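Comments concern the structure below.
As the structure lists them, so they are numbered: ligands from 1, and atoms in each ligand from 1. Fair warning: this is a prediction, and the values are worked out from it, not measured in the lab. Counting from 1, the numbers follow the sequence of the chain as shown.
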Amino acid sequence: MEGEVAEPLAGPACATVILPKLDWRFVQRFCRILKILFPSWSNQSVRMFMTLLGVTLSVQLVIYQVGLIPSQFYVVLSEKNYGKLKNLVLFAVMLILINSTLKSLDQYISSLLYVSWRKSLTEELHSTYFKGRVYYTLNVLCKDIDNPDQRISQDVERLCKQMSTMASRLLISPFTVTYYTYQCFNSAGWIGFVSIFGYFVVGSIINKILIGPIVSMLVEQEKLEGDFRFKHMQIRVNAESAAFYRAGKVEHMRTNRRLQMLLSTQRSLMNKELWLYVGVNTFDYLGSILSYIVIAIPIFAGDYDGLTPGELSALVSKNAFVCIYLINCFTQLIDLSTTVSDVAGYTHRIGELREVMADIAKKQSTGSELGERERGVGSGKVHEPGLEPDMAFVLDRLSYKSPVSEELLVKDLTLKISQGTHMLVVGNTGTGKTSLLRILNGLWEPCNGSVEMTTCFGPRGVLFLPQKAYLTDGTLREQVIYPLKNIYPSSGSIDDERILKYLELVGLSNLLTRIGGLDTKVDWNWDDVLSPGEMQRLCFARLFYLQPKYAVLDEATSALTEEAEGQLYKACKQLGMTLISLGHRSTLKKHHDIMLRLCGGGQWELTKLKEA
Ligand SMILES: Nc1ncnc2c1ncn2[C@@H]1O[C@H](COP(=O)(O)OP(=O)(O)OP(=O)(O)O)[C@@H](O)[C@H]1O
């Protein structure tokens with residue numbers, strides 16, 4: 001695939017598939033993600049993280065006190081001291097209340113951290129995804145990255161969730177491990193301390209081995225999850241077409257097939273996870289026995305021979321708590337193995353997406369053509385100095401092909417598209433008409449020759465109406481002013497008049513009554529409620545509203561009658577637009593001055609339709 005994708009734009013940008021593992025690559029990708037989550041010391045996430053550290057440390061202090069209480073009960077009960085018992089009970093209840101409050105606070109801050117991380121990471125991904133035409137290249141031309149949408153929405157969510165659940169445990173580990181190691185060393189000597197550490201090292205190595213195959217399988221599972229979701233989305237978007245075909249059975253079978261693939265991978269993943277769970281649980285329970293063995297060593301060595309049974313019980317209770325807690329610190333870290341394998345999987349998927357997107361963005365921003373186009377978008381800026389003012393595109397010996405084929409669609413096309421000369425592009429299916437527009441728009445790169453765009457995009461420049469009418473989410477006004485964010489020109493009610501006038505001109509006044517106003521919030525998908533003809537009419541309203549100098553129409557009237565087509569073309573011309581149209585209908589000829597016919601196999605011919 002790599003070599004076959006449109007070379008300068010997408011080809012090398014697509015990643016070579018390397019099996020994701022818990023390796024150095026993971027560490028690098030994870031550190032890069034951490035930089036996004038903690039961009040500076042003054043960042044909100046850092047402040048929350050520090051607060052979390054404070055709360056978790058306080059929890060540990062309280063837990064330490066709570067842990068010592070049983071040994072104090074031994075002493076008080078063996079002394080049968082009622083006054084001390086009452087005070088101890090009150091003290092214990094107070095500690096438990098403080099502990100539960102702090103633990104709840106810990107969970108609350110972790111949840112806030114999750115939201116804040118998700119925001120930072122998703123916004124960072126969005127900033128590259130929507131930069132230039134990265135989203136187009138990624139979704140259409142680059143086949144090596146599966147389900148970018150799922151990576152941005154679901155994988156980021158899960159990564160942040162897992163990391164936030166890990167955060168407090170990881171944060172506190174260095175402190176608790178150091179403190180309880182010291183305490184354990186005091187109570188059980190170096191043998192206890194070394195055996196606990198040895199136990200942890202062995203446990204970690206075994207878990208690292210068990211996690212290995214899980215990471216790549218988790219990445220595969222997420223891919224299949226995305227494919228399954230995409231299938232449902234495909235049915236949702238094309239429900240009507242499928243229903244016309246009565247395609248319920250075949251779609252049922254295909255959707256189930258994707259589900260089966262997903263579930264069988266999930267089963268394999270669970271089989272692999274089973275061994276990890278066995279490892280983790282064994283480690284947990286062996287740990288509790290180890291703590292008593294560690295305490296037994298000084299007892300059997302006779303270190304505590306001089307103590308009474310009551311004092312010995314209190315000491316065993318205190319030492320057991322310290323050793324158990326140290327082992328518990330380690331087992332908690334080992335327990336994180338399953339979370340770590342998830343984090344590694346998501347980190348690889350998000351890291352891979354970031355790398356590919358950055359690569360595409362870099363390639364696009366270094367493309368000089370793109371730079372020029374980008375500067376023009378919506379700004380109303382005009383021509384480059386030194387170029388003829390009435391030109392839109394200058395094509396010089398232009399050759400291009402489709403990304404998956406070596407055969408040229410068009411060879412050595414030389415042409416100037418100038419103001420006032422309406423051009424019709426015709427040709428058989430698949431001869432490269434829409435591809436010519438992709439080249440003009442900078443979505444694809446030519447193989448040879450050059451395309452110079454001498455005017456800008458947007459109002460007063462060039463506007464493309466694509467073959468598939470695209471309606472975004474939002475109000476009717478937002479459909480009409482698309483792709484502008486704000487009304488143009490920013491003239492308040494005058495703008496309303498213009499919009500209403502153009503809706504009437506394209507024959508959609510009834511739409512306004514049906515919807516209830518330009519700014520009525522709608523919760524439907526415009527594609528589902530408008531007919532193809534209405535969608536095309538709405539796109540023309542968009543065109544009239546933006547009034548570009550050049551309108552590039554890709555079969556923009558294919559769903560309309562010839563009469564409606566004539567009216568819309570007439571209106572375009574009255575508004576001073578120069579038209580570049582693609583289409584199969586012979587009636588289109590009368591609206592144009594020249595005709596470019598693409599004959600296939602790289603051949604083309606240019607003819608005059610009207611004498612100047
Ligand atoms: N994203 C893509 N990846 C690979 N090949 C593509 C892609 N888009 C188009 N093609 C191929 O490029 C060739 C030219 O496609 P193009 O859309 O330009 O045809 P067209 O002349 O506009 O056809 P039609 O009249 O049906 O609209 C076709 O063979 C098509 O299959």
inquiry  = Do His592 and Ser581 pair up side chain to side chain, a donor and an acceptor below 3.5 Å, judged on atom types alone?
reply    = yes

request  = Could you tell me which atoms of ligand 1, counted from 1 in the order shown, lie closer than 4.0 angstrom to a heavy atom of Val404?
outcome  = 4 (C), 5 (N)

inquiry  = Counting non-hydrogen protein atoms only, what is the nearest one to atom 26 (O) of ligand 1? Give residue, atom name and distance.
reply    = Thr429 CG2, 3.2 Å

task = May I ask you to check whether Thr434 has an N/O atom sitting below 3.5 Å from an N/O atom of ligand 1?
result = yes

task = Evaluate the salt bridge (charged side-chain N to carboxylate O under 4.0 Å, His left out) criterion for residues Lys223 and Asp146: first the C-alpha distance (whole Å), next the side-chain angles of each, then the deciding distance (0.1 Å), finally the verdict.
result = CA-CA 6 Å; Lys223 176 195 174 294; Asp146 67 89; 5.7 Å; no

request  = List the closest protein heavy-atom neighbour of atom 29 (O) of ligand 1: residue, atom name, distance to the nearest 0.1 Å.
outcome  = Gly430 O, 4.2 Å

ask   = Taking the six-membered ring for Trp, are the ring centroids of Tyr482 and Tyr470 within less than 6.0 Å of each other?
value = yes

Step-by-step salt bridge (charged side-chain N to carboxylate O under 4.0 Å, His left out) determination, Lys231 to Asp227 = CA-CA 6 Å; Lys231 184 68 204 161; Asp227 291 348; over 6 Å; no

request  = Begin from the C-alpha positions of Thr414 and Leu395 and carry the test side chain to side chain contact (heavy atoms under 4.5 Å, CB included) through to its verdict.
outcome  = CA-CA 5 Å; Thr414 299; Leu395 281 58; over 6 Å; no

ask   = Judging by distance only, is a nitrogen or oxygen of Trp444 under 3.5 angstrom from one on ligand 1?
value = no

note = Under 4.0 Å from one or more heavy atoms of Glu555, ligand 1 contributes atoms 25 (O), 27 (O)

request  = Go through ligand 1 atom by atom and flag the ones less than 4.0 Å from a non-hydrogen atom of Gln467.
outcome  = 27 (O)

ask   = So which protein heavy atom does atom 24 (P) of ligand 1 come closest to, and at what separation?
value = Lys433 NZ, 3.7 Å

inquiry  = Closer than 4.0 Å and a protein heavy atom, does any atom meet both conditions relative to atom 22 (O) of ligand 1?
reply    = yes

query = Would the Tyr569 and His422 ring centres measure less than 6.0 Å apart?
reply = no

Proximal ligand 1 atoms for Val140, defined as those under 4.0 Å from one of its heavy atoms = 1 (N)

task = State, without any angle test, whether Tyr502 and Gln547 hold a side-chain donor-acceptor pair at a distance under 3.5 Å.
result = yes

task = Just need the protein heavy atom nearest to atom 11 (C) of ligand 1, so name the residue and atom and give the distance.
result = Ser402 CB, 3.8 Å

request  = Taking the side chain as every heavy atom from C-beta outward, state whether Met577 and Lys573 have any atom pair closer than 4.5 Å.
outcome  = no

inquiry  = Any nitrogen or oxygen of Leu409, side chain or backbone, less than 3.5 Å from one on ligand 1?
reply    = no

query = Can you find a pair of side-chain heavy atoms, one from Arg158 and one from Cys160, that are under 4.5 Å apart?
reply = no

task = Verify the distance criterion only: is there a donor paired with an acceptor across the side chains of Glu124 and Ser127 at less than 3.5 Å?
result = no

request  = Look at atom 7 (C) of ligand 1 and say whether a protein heavy atom is found at less than 4.0 angstrom from it.
outcome  = yes

note = Atoms of ligand 1 under 4.0 Å from any heavy atom of His584, numbered from 1 in the order shown, are 25 (O)

remark   = Arg438 heavy atoms within 4.0 Å reach ligand 1 at atoms 8 (N), 9 (C), 16 (P), 17 (O), 18 (O)

ask   = Is the shortest heavy-atom distance from the side chain of Asp390 to the side chain of Thr578 under 4.5 Å?
value = no

note = Note: Tyr136, heavy atoms under 4.0 Å from ligand 1, region reported as neither

request  = Considering only non-hydrogen protein atoms, determine which one is nearest to atom 18 (O) of ligand 1 and report residue, atom name and distance to 0.1 Å.
outcome  = Ser435 OG, 2.5 Å

ask   = Hey, does Gly427 sit under 4.0 Å from ligand 1 if you only count heavy atoms?
value = no

